[in-house]
Amino acid sequence: MSVLCIDVFGDGVSITVSSEIMLKVRLPDGKVLEYSRRVRPLDVAEEIGPRLAKATLAAEVNGQILGVDSYLPEEGEVSLRLITKKDSEALNVLRHSCAHIMARAVMRVFPGVQLAFGPTIENGFYYDFELEHALSEEDFPKIEAEMAKIVKEDEAFERVEMEHEQAIKFCEDLKQSLKVEHLSAGLKDESKVSFYRQGEFIDLCRGPHIPSAGAVGAFKLLSVAGAYWKGDSTRQQLQRLYGTAWFSKEDLEAYIAQVEEAKRRDHRVLGRQLQLFMIEPNVGSGLVFWLPKGAVIRRELENFLYGELIRRGYQPVYTPVIGNVHLYETSGHYPYYKDSQFPPITMEDGDMYLLRPMNCPHHITIYKSQPRSYRDLPLRLAEFGTVHRFEQSGELNGMTRVRGFTQDDAHIFCTEDQVADEFRGCIEMTQLVLQTLGLSDYRVRLGFRDPDSEKYVGSPEVWDKAEAALVHVCRDMNLSNVSVEKGEAAFYGPKADFVVTDCIGREWQLGTVQLDYNLPSVQRFGLQYIGADNTPHQPVMIHRAPFGSLERFVGVLIEHFAGAFPLWLAPEQVRVMVVTQKVEDYGRAVQKRLSEAGLRVTGDYRAEKIGAKIRAAQLELIPYMFIIGAREAEEGKIAVRDRLTGDLGAMPLEEAIAKLQQEVREKTIRQVAKGSAGLGRKNEANAY
RNA sequence: GCUGCUGUAGCUCAGUCGGUAGAGCGCGUCCUUGGUAAGGACGAGGUCAUGGGUCCGAAUCCCAUCAGCAGCUCCA
């Protein structure tokens, strides 16, 4: 008698099934539930009788899905991961099943469709199809109606296993040529593959699936787009249909609300509304104009970082934004990256100049300009360096993906012994930057080399040493959320990328610290320093940029703060407004005093009601309003209004100035209210 | 670069069957001088992305180009 043990992933429930349809559920508290008719696998098993082994197994107790999967218990005990509804994994299972349901519906609406792949992604799923008809949103209601029908019918997902050859034949009979290709290419080494059947629909699939379609509580088709077969841009393009699915309607609604929130925070929208930046197609795609208000934010960030650079022993430099092509030939970037560079400028004498795509060769040029001693190291050269890369047109996106951008770049030249300390310093600086801006939710991705790949330069020993140093530093610093990803290294060395999650859950790769044993090498720039032993040695380089680029960083910040910047970054910190024009003179005097106190201030002396002026300032996300009426003018005070909390009452001007100056000095971040984007929300005064 | 969608006033958008353009916000002027999220009146503002084509006639239909959006591919 074969027994199937289901090991539970996560919270310690275990289920045992015998071939005689016996099932026990052991809960974490030790209690054992005898199986009941409500346990799904038994229902399915009974339907197919002796073919229990082929049944899809899933466990549902008292209406809760405990787990899903299906396996053939051939001999003895088989271990099977079981997923509880509480696990994030359970949603993925649900969504993948929903992808099958969607594919089934599409096949019903558009017979003859070819199926490609249909995996889950964050917050949803997609399925790639090949079909003549160009899918559009107009087709969604039809497909969704068919999906709803399938969910309502609540048919079970059934696992079917086949020998490899049998599977190929099977897919040929189904006329699913993409599946045939996948079986004979990607899966060619598998002796056995599985399919999942649901009614008339059957699809090559590893599983697992929900027990039956009814478990899908809510779903919605989202969009359709092109995607290449097997992710290869040289192969045919398929139609990718995106959708999302949840256990309940409430979850779906919450998700849709979150998407709406993201749209309202879109830096491209806020950037225009708040007059932070613009892009003018007549000048060029992907070329950013920093408008006066955006320039304030950038300058404040630069000043902040500049102070840190000096404190940490960096030496700021300025270098040319173009350079002779030879430089980039030596670095190895040209012509290797030719396609993503602006084409070189060719002079009459044949000399070629390149708009620099990176700053490193220029800093290296400074290093090389004189002999270096070990006493000079570490040499830390910093520059807000503007670079240009000709990104493909479809890759451009607001400020987060542009063709001209400024890196808060620096290159550290040091000895191998100094690598660990320097690396630590870079990480600390990046942490400080993120912490100061309230981007506290991030992970550090250590990109290591893939030992089986040959695209990396340098000896394995050096790599091992570098990677070990990184791990050591991260461990030593007690960094949480560090993950090692093999194959993610730069070709010249391992790196640590800071992947930041903003306040609505999206991930952005911003800061980076990279170890480089390649560019200093004899094959490249042949950098040297004279060691204590009076012989030449090769330095190690560290490339680092805490922000990554000012453009992307500010783009992310706009969305993170929903345009409502902390006081020290706010383009306009205070607005003085008068209740009546009779006190305009006093208002202007207050404005002048604020300006002298170093605050960025404007005044609103229009012949408008005070309510209208307040509203305008609220919508412009100005942190403080100093309101002046006859009373204040008489008492020599101002009435302070806080954008977030409203009227703070009257206070002496100097007291208010001190309060604001302190807030600027401390770079205070006042609550970023989730669910409030700031602009465009009407009749929701409390949201601010 | 690829697939699909989109392009009308500074912004957000409407414009039916093809008959040479409209709203709100914003902007300007005037009236109003007020107490914590919108006072009123009047006015200016558009070669309907650009270039071709069909038609008596094109914002509207067709083609091309450019740009934007979503996704793919890419990201030193």
Side-chain angles (χ1 to χ4, degrees), chain A residues 121 126 128 134-138 222-242 263 266 268-269 272-273 275 278-282 284-286 328 331-334 336-341 356-361 387 389-398 400-403 405 407 490-492 495 509 512 514 516 518-519 543 549 552 577-584 605-619 625 627-632 639-643 646-650 680-688:
Chain A
I121 51 172
Y126 66 78
D128 287 346
L135 289 170
S136 74
E137 293 197 10
E138 285 166 27
L222 298 175
S223 62
V224 59
Y228 300 106
W229 169 234
K230 302 226 164 179
D232 183 342
S233 59
T234 63
R235 309 200 60 172
Q236 77 261 41
Q237 203 157 13
L238 308 168
Q239 299 191 63
R240 178 168 295 179
L241 202 45
Y242 286 87
K263 276 189 200 158
D266 190 320
R268 294 165 300 188
V269 175
R272 179 166 50 233
Q273 285 176 344
Q275 302 266 305
M278 60 173 236
I279 291 168
E280 170 53 53
N282 283 325
S285 296
Y328 308 97
S331 72
H333 292 107
Y334 184 91
Y336 190 65
Y337 292 107
K338 214 170 183 173
D339 290 345
S340 51
Q341 290 163 178
R356 72 173 169 197
M358 76 289 299
N359 305 307
C360 0
V387 298
R389 301 175 187 180
F390 197 81
E391 306 290 0
Q392 294 182 59
S393 59
E395 292 159 353
L396 301 175
N397 180 283
T400 57
R401 196 73 189 275
V402 293
R403 285 184 174 154
F405 56 98
Q407 299 175 311
F491 69 96
Y492 47 70
K495 60 176 180 173
Q509 201 227 289
T512 182
Q514 309 180 352
D516 180 3
N518 174 45
L519 295 183
H543 309 236
S549 80
R552 178 176 288 183
M577 50 187 74
V578 291
V579 177
T580 124
Q581 290 181 312
K582 289 175 189 126
V583 293
E584 179 172 343
Y605 309 107
R606 290 176 301 159
E608 275 295 345
K609 295 197 346 185
I610 195 67
K613 297 180 187 178
I614 289 171
R615 178 180 154 80
Q618 289 282 148
L619 292 177
M625 289 155 240
I627 297 172
I628 289 160
R631 284 202 301 270
E632 288 77 16
V640 178
R641 183 188 161 94
D642 178 336
R643 190 188 67 85
D647 193 0
L648 298 183
R681 301 202 71 173
K682 297 182 179 173
N683 309 318
E684 284 188 51
N686 293 337
Y688 304 102

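Labels below follow one simple rule: chain letters A, B, ... track the order of the sequence lines, proteins then strands, and each chain is numbered from 1. Predicted model only: the values in this text are computed from it and were never measured.
- When heavy atoms are screened at a 4.0 angstrom cut-off, A:Ala630 is found touching base atoms of the nucleic acid.
- On the P atoms, B:A76 is 39 Å away from B:U50, given to the nearest whole Å.
- Side-chain contact check for A:Gln618 versus A:Arg643: some heavy-atom pair is nearer than 4.5 Å.
- When the P atom of B:U36 is taken as reference, atom CD of A:Glu608 falls 15 Å away, rounded to whole Å.
- Checked against B:G39, B:C74, B:A37, the side chain of A:Arg641 finds its nearest nucleotide in B:A37.
- Residue A:Asn397 places at least one side-chain N or O under 4.0 Å from the OP1 or OP2 atom of B:A70.
- Place A:Gly231 and A:Gly646 on RNA chain B by their nearest nucleotides, and A:Gly646 ends up nearer the 5' end.
- Side-chain contact check for A:Arg403 versus A:Ser285: some heavy-atom pair is nearer than 4.5 Å.
- Contact annotation: side chain of A:Glu137 to base of B:G4, donor-acceptor pair absent below 3.5 Å.
- For the pair A:Leu238/A:Tyr228, no side-chain contact is recorded, criterion being any heavy-atom separation below 4.5 Å from C-beta on.
- Proximity of A:Arg615 to the phosphate of B:G26: no side-chain N or O atom is located under 4.0 Å from OP1 or OP2.
- The main-chain N or O of A:Val402 is never found under 3.5 Å from a side-chain atom of A:Glu391 such that the two would form a donor-acceptor pair.
- A:Glu584 comes within 4.0 angstrom of nothing in the nucleic acid, heavy atoms only.
- At least one donor-acceptor pair under 3.5 Å links the side chain of A:Gln239 to the backbone N or O of A:Leu135.
- In the set B:A76, B:G39, B:C11, the nucleotide with an atom closest to the side chain of A:Ala612 is B:G39.
- The distance from atom CZ of A:Arg240 to atom C1' of B:C5 is 17 Å, rounded to the nearest whole Å.
- Proximity of A:Ser285 to the phosphate of B:G68: a side-chain N or O atom is located under 4.0 Å from OP1 or OP2.
- Between the CD atom of A:Gln618 and the C1' atom of B:A38 there is a distance of 13 Å, rounded to whole Å.
- Among the protein residues, A:Pro357 comes within range of the nucleic acid bases, having at least one heavy atom under 4.0 Å from a base atom.
- In this structure, the CE atom of A:Met625 is 18 Å from the P atom of B:G35, given to the nearest Å.
- Among the nucleotides B:G39, B:G1, B:G35, the one closest to any side-chain atom of A:Val579 is B:G35.
- Residue A:Arg272 places at least one side-chain N or O closer than 4.0 Å to OP1 or OP2 of B:U12.
- The residue A:Ser233 sits close only to the backbone: its heavy atoms come under 4.0 Å of sugar-phosphate atoms, none of a base.
- Taking every side-chain heavy atom of A:Glu395 into account, B:U73 is the closest of B:G34, B:A70, B:U73.
- For the C1' atom pair drawn from B:G68 and B:U12, the interatomic distance equals 16 Å after rounding to whole Å.
- Base pairing of B:G28 is made with B:C42, judged by Watson-Crick or G-U wobble geometry with both donor-acceptor distances under 3.5 Å.
- Between the base of B:G71 and the side chain of A:Tyr228 there is no donor-acceptor pair shorter than 3.5 Å.
- When heavy atoms are screened at a 4.0 angstrom cut-off, A:Ile627 is found touching base atoms of the nucleic acid.
- Base pairing annotation: B:G35 forms no Watson-Crick or G-U wobble pair, as no partner gives both donor-acceptor distances under 3.5 Å.
- Spacing of C1' atoms, B:A14 relative to B:U6, comes out at 16 Å, to the nearest Å.
- When heavy atoms are screened at a 4.0 angstrom cut-off, A:Tyr242 is found touching the sugar-phosphate backbone but no base atom.
- When both distances must be under 3.5 Å, the Watson-Crick or G-U wobble mate of B:A58 does not exist.
- Nucleotides B:C31 and B:C69 are separated by 45 Å at their P atoms, to the nearest Å.
- Around CD of A:Glu280, the count of heavy atoms belonging to other residues, nucleotides or ligands within 6.0 Å exceeds 12.
- Comparing atom distances between the A:Leu619 side chain and each of B:G35, B:A37, B:G71 picks out B:A37 as nearest.
- When both pairing distances are held under 3.5 Å, B:C75 makes no Watson-Crick or G-U pair with any nucleotide shown.
- Distance alone, capped at 3.5 Å, is enough to place a donor-acceptor pair between the A:Arg389 side chain and the A:Pro357 backbone.
- Comment: A:Asp128 engages A:Arg240 in a salt bridge, judged by a side-chain N to carboxylate O separation of less than 4.0 angstrom.
- We find that CH2 of A:Trp229 is positioned 17 Å from P of B:C72, with the value rounded to whole Å.
- Nucleotides B:U36 and B:C27 place their P atoms 23 Å apart, quoted to the nearest Å.
- The side chain of A:Arg552 has B:C75 as its nearest neighbour among B:C75, B:A37, B:G1.
- The pair A:Asp266-A:Arg268 counts as a salt bridge, with a side-chain nitrogen and a carboxylate oxygen less than 4.0 angstrom apart.
- Between A:Leu241 and A:Tyr126 there is no side-chain heavy-atom pair separated by less than 4.5 Å.
- Spacing between B:G24 and B:A9 at atom C1', rounded to whole Å, works out to 12 Å.
- When the nucleotides B:U73, B:U33, B:A37 are ranked by their closest atom to the side chain of A:Ile614, B:A37 comes out on top.
- Pairing for B:A64 goes to B:U50, judged as Watson-Crick or G-U wobble with the two contacts each under 3.5 Å.
- Side chain A:Ser340 to base B:A76: a donor-acceptor pair is found below 3.5 Å.
- On the P atoms, B:A44 is 36 Å away from B:C62, given to the nearest whole Å.
- Set against B:A76, B:U33, B:C72, the side chain of A:Ala227 has B:C72 as its closest nucleotide.
- Across every strand in view, B:G4 sits in a pair with B:C69 that passes the Watson-Crick or G-U test at under 3.5 angstrom.
- Distance from the side chain of A:Arg268 is smallest for B:C69 among the nucleotides B:U73, B:C69, B:C75.
- Using Watson-Crick or G-U wobble geometry with both donor-acceptor distances under 3.5 Å, B:U16 finds no partner in any strand shown.
- Comparing the same atom, P, in B:G45 and in B:A21 gives a spacing of 15 Å after rounding to whole Å.
- Between B:G1 and A:Ser393, a contact under 4.0 Å exists linking OP1 or OP2 to a side-chain N or O.
- Note on A:Ala639: a base of the nucleic acid sits closer than 4.0 angstrom, heavy atoms only.
- With B:A76, B:U73, B:C75 as the choices, the nucleotide that has an atom nearest any side-chain atom of A:Arg401 turns out to be B:C75.
- Along RNA chain B, the nucleotide nearest to A:Ile610 and the one nearest to A:Ala225 differ in position, and the one closer to the 5' end is contacted by A:Ile610.
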